[in-house]
Amino acid sequence: MSSVRVRVAPSPTGDPHVGTAYMSLFCLAFARQQGGQFILRIEDTDQARYVENSEQQIFDLLHWLSLDWDEGPDRGGPVGPYRQSERLPLYQAAAHELIQAGHAYECWCTPERLTAMRAEQQKAKMPTGYDRLCLGKTREQRAAEPGSSDRAVVRMLVPESPPLTFTDLIRGDTNAPVPDDQVILKADGFPTYHLGVVVDDHHMGITHVTRGEEWISSTPKHLLLYDWLGWDPPRFAHFPLLRNTDRSKISKRKNPAARLVWFKEQGYLPEALLNFLALMGWSMPDGREIFTFQDVVENFAWERFSPVGPIFDVDKLDWLNGQYIQRLTDDEFLRRARPFLPGEGQDAALRRLTLPLKERTKRLAELGEQVDFLFVGNLDVPADQLVKQGLDAPAAIAALEAAESALERLAGFEPAPIEQALSDVCAERSMNRRKFFMTVRVAVTGKTATPPLHDTIAAIGRERSVARLRDAQSTLAQSSH
RNA sequence: CCCGCCAUCGUCUAGAGGCCCAGGACGCCGCCCUUUCAAGGCGGAGACCACCGGUUCGAAUCCGGUUGGCGGGACCA
């Protein structure tokens with residue numbers, strides 16, 4: 001039994017990327033379906049771009065999404081270490097082996113020379129690639145010519161006609177361009193992605209290499225490396241690239257949604273985000289659009305991927321998140337809403353409003369503004385806001401006063417009696433219902449859009465409601481002088 | 001410039017030769033419900049299936065070309 005082993009291998013170079021979650025989702029689903037393992041590997045071979053707490057953020061955010069790994073740097077495993085910076089001897093050994101076998105060679109060219117060489121090739125409208133100036137030379141021979149440094153890198157010696165086709169799980173038979181003599185070991189002794197990924201995927205027993213579409217063009221390099229090292233190549237699956245609205249590859253510069261934390265900050269539920277990501281380039285056999293991670297596990301199939309790079313449409317995610325919020329129990333809703341509220345307490349008040357609040361919330365981060373009137377005493381609603389609701393100042397004052405005394409007279413303070421009492425007041429004085437209720441709404445909440453007024457007043461409580469109705473009256477009285 | 005990947009409503013997609021003068025979802029518009037905003041219900045607009053040419057009795061689906069978009073062409077991943 002050859003157990004499926006898949007991995008996700010992010011680089012700790014800054015805020016975790018949404019693409020990491022996207023690929024982790026499907027890798028995990030595939031691993032779970034097959035009874036295999038999902039591995040997290042940290043590809044920290046770029047010392048220049050390394051960011052200190054990035055790795056921890058990757059852990060935290062993947063855990064937030066419940067995309068938990070079986071093996072990884074934090075929990076170990078049988079084929080560790082799971083951080084590339086801790087596996088340097090492995091890459092160096094592979095590089096030396098390749099040099100011995102004549103599949104790789106040392107190169108001393110300076111970055112400046114390489115840049116100039118590339119510029120010339122472009123100008124001459126030739127394909128760009130290393131010109132093999134260092135091939136077959138000793139360090140001394142090369143040093144005699146200009147543009148050399150004393151620290152060597154190791155390059156692949158790509159043959160005339162390397163194999164360029166492979167079978168991709170998502171795209172089927174796929175062609176890729178002829179590689180040039182790619183650097184595999186840098187001057188600082190760290191491997192480049194190409195060497196690192198092949199060596200680690202092999203030693204870690206990865207059976208299915210999954211990565212973004214941007215890697216299709218370097219797959220022939222990897223095939224060559226597997227061949228030279230005498231290793232069986234894995235299967236490959238290149239996921240479609242998530243895109244910005246302008247169809248370019250999704251980027252933090254152009255799109256806040258490229259940063260995984262953004263979703264947490266905005267108050268998207270992790271299960272909603274997962275569901276949405278599963279809708280990108282993939283679909284359920286029965287066309288369902290709302291489904292769980294377990295549903296993905298049960299229905300996962302590489303053939304259900306579309307190779308087209310989907311644009312990340314936040315509008316649809318908002319809708320989906322709203323659907324998930326509506327389905328939350330009151331307790332669950334309150335628990336998740338807590339971090340987004342403008343203050344502590346008010347639990348009883350919030351509990352009265354959970355149903356209408358759930359129906360009105362797309363992102364939990366919006367909640368703060370929706371319920372701010374619960375977290376303050378006085379409101380200080382400006383007179384023009386009150387008058388704007390259709391009643392002139394004298395009429396508004398009369399209406400608010402009537403509402404005030406009706407609420408004070410009430411035996412209890414429950415939504416239904418409140419509604420009845422206000423409705424009676426409105427009828428007795430034959431006021432326009434819309435104008436009356438809107439004026440009261442603004443006086444008591446400071447806004448024109450709120451949950452149902454009777455629920456809201458009950459939540460605010462008699463004392464504060466009455467005080468606010470009274471405050472509004474005096475504001476109006478002062479303004480009309 | 002060189003190489004490669006891709007191509008169905010604004011967006012996400014279903015579709016693997018006749019069931020499609022193309023279905024669903026988001027968004028948009030209208031109506032209903034309604035004291036606001038939502039939610040919900042109902043209805044609507046929206047795709048010459050990028051284009052051209054084949055194959056076939058028959059093509060969104062197969063083949064070729066064109067165009068367009070994107071990706072790669074780093075001692076970055």
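Given the structure is predicted, the values throughout are model-derived calculations rather than measurements. Below, chains carry the letters A, B, ... as their sequence lines are ordered, and counting in each starts from 1. Computed over heavy atoms, backbone and side chain alike; hydrogens, waters and symmetry mates excluded.
- Remark: the separation of the P atoms in B/C12 and B/G71 is 15 Å, to the nearest Å.
- Seen from the ring of A/Y130, A/R155 counts as a face-on cation partner, given the 6.0 Å and 45° thresholds.
- Checked for salt-bridge contact, A/E414 and A/R352 meet the test: a charged N lies under 4.0 Å from a carboxylate O.
- Ring geometry, A/F300 versus A/F26: the interplanar angle falls from 30° to 60°, so the pair is classed tilted.
- With C1' as the reference atom, B/A25 and B/C63 are 33 Å apart, rounded to whole Å.
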B/S/- contact track for nucleotides 65-74 of chain B, protein heavy atom under 4.0 Å: ----SSSSBS
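- A/V198 places a side-chain heavy atom less than 4.5 Å from the side chain of A/Y226.
- For the P atoms, the distance from B/C37 to B/A50 is 42 Å, rounded to whole Å.
- The separation of B/A16 from B/U11, taken at their C1' atoms, amounts to 24 Å, rounded to a whole angstrom.
- Within 6.0 Å of atom CZ in A/R83, more than 12 heavy atoms from other residues, nucleotides or ligands are found, so the atom counts as buried in its surroundings.
- Judged by closest nucleotide on RNA chain B, A/T174 is the one of A/T174 and A/V153 placed further toward the 5' end.
- Under 4.0 Å is where a charged nitrogen must lie from a carboxylate oxygen, and between A/D188 and A/K186 no such pair does.
- Using a 4.0 Å cut-off, no side-chain N or O of A/T192 falls inside it from OP1 or OP2 of B/A77.
- Comparing the C1' positions of B/G27 and B/A45 gives a spacing of 13 Å, expressed to the nearest Å.
- Atom C1' of B/U13 sits at a distance of 23 Å from the matching atom of B/G18, rounded to the whole Å.
- Under the Watson-Crick or G-U wobble criterion, with both distances below 3.5 Å, B/A25 is paired with B/U11.
- Taking the six-membered ring for Trp and the full ring otherwise, the centers of A/W69 and A/Y82 sit at least 6.0 Å from each other.
- The aromatic ring centres of A/Y268 and A/Y324 sit 6.0 Å or more apart.
- Contacts between residues 306-316 of chain A and RNA chain B, defined by a heavy-atom separation below 4.0 Å, involve A/P307, A/V308, A/P310, A/I311, A/D313, A/D315, A/K316, listed by number.
- Counted by atom type alone, A/R327 and A/Q323 present one or more donor-acceptor pairs between their side chains at under 3.5 Å.
- The separation between A/K125 atom NZ and B/C2 atom P is 8 Å, rounded to whole Å.
- Checked by atom type and distance alone, the side chain of A/K435 never pairs as donor or acceptor with a backbone atom of A/M431 at under 3.5 Å.
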Contact letters for nucleotides 32-45 of chain B, in which S counts primed atoms plus P, OP1 and OP2 and B counts the base, heavy atoms under 4.0 Å: ---BBBBSS-----
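- Rounded to whole Å, the C1' atom of B/C49 lies 16 Å from the corresponding atom of B/G24.
- Aromatic rings from A/F166 and A/H238 are positioned such that their centres are separated by under 6.0 Å.
- Side chains of A/T174 and A/D168: no donor on one and acceptor on the other come within 3.5 Å.
- For A/R211 and B/G4, the CZ to P distance is 18 Å, given to the nearest whole Å.
- The side chain of A/E289 sits closest to B/C12 out of B/C12, B/C75, B/C76.
- No engagement by A/C426 is indicated, since no non-hydrogen atom pair under 4.0 Å with the nucleic acid exists.
- Using N1 to N3 plus N6-O4 or O6-N4 for Watson-Crick, or N1-O2 and O6-N3 for G-U wobble, each under 3.5 Å, B/C37 pairs with nothing.
- In a base pair of the Watson-Crick type (N1 to N3 plus N6-O4 or O6-N4) or a G-U wobble (N1-O2 and O6-N3), with each distance short of 3.5 Å, B/C62 is matched with B/G54.
- The shortest distance between the side-chain N/O atoms of A/R155 and the OP1/OP2 oxygens of B/C75 is below 4.0 Å.
- A donor-acceptor contact shorter than 3.5 Å links the side chain of A/D46 to the backbone of A/R49.
- The residue A/G212 sits apart from the nucleic acid: no heavy atom pair falls under 4.0 Å.
- Residue contacts shown for A/T245 are absent, as no nucleic acid heavy atom lies under 4.0 Å away.
- For the pair A/L242 CG and B/C12 C1', the computed distance is 11 Å after rounding to whole Å.
- Not one N or O on the side chain of A/D15 forms a donor-acceptor pair closer than 3.5 Å with the backbone of A/R259.
- Between the C1' atoms of B/G46 and B/C9, the separation comes to 6 Å (whole Å).
- Across the strands present, B/C6 finds its partner in B/G68; the criterion is a Watson-Crick or G-U wobble pair with both atom distances under 3.5 angstrom.
- Phosphate contact (OP1/OP2 of B/C3, side-chain N/O of A/N175, threshold under 4.0 Å): absent.
- In this structure, NE2 of A/H238 is placed 13 Å from C1' of B/A77, rounded to the nearest angstrom.
- Between the CD1 atom of A/I184 and the P atom of B/A77 there is a distance of 13 Å, rounded to whole Å.
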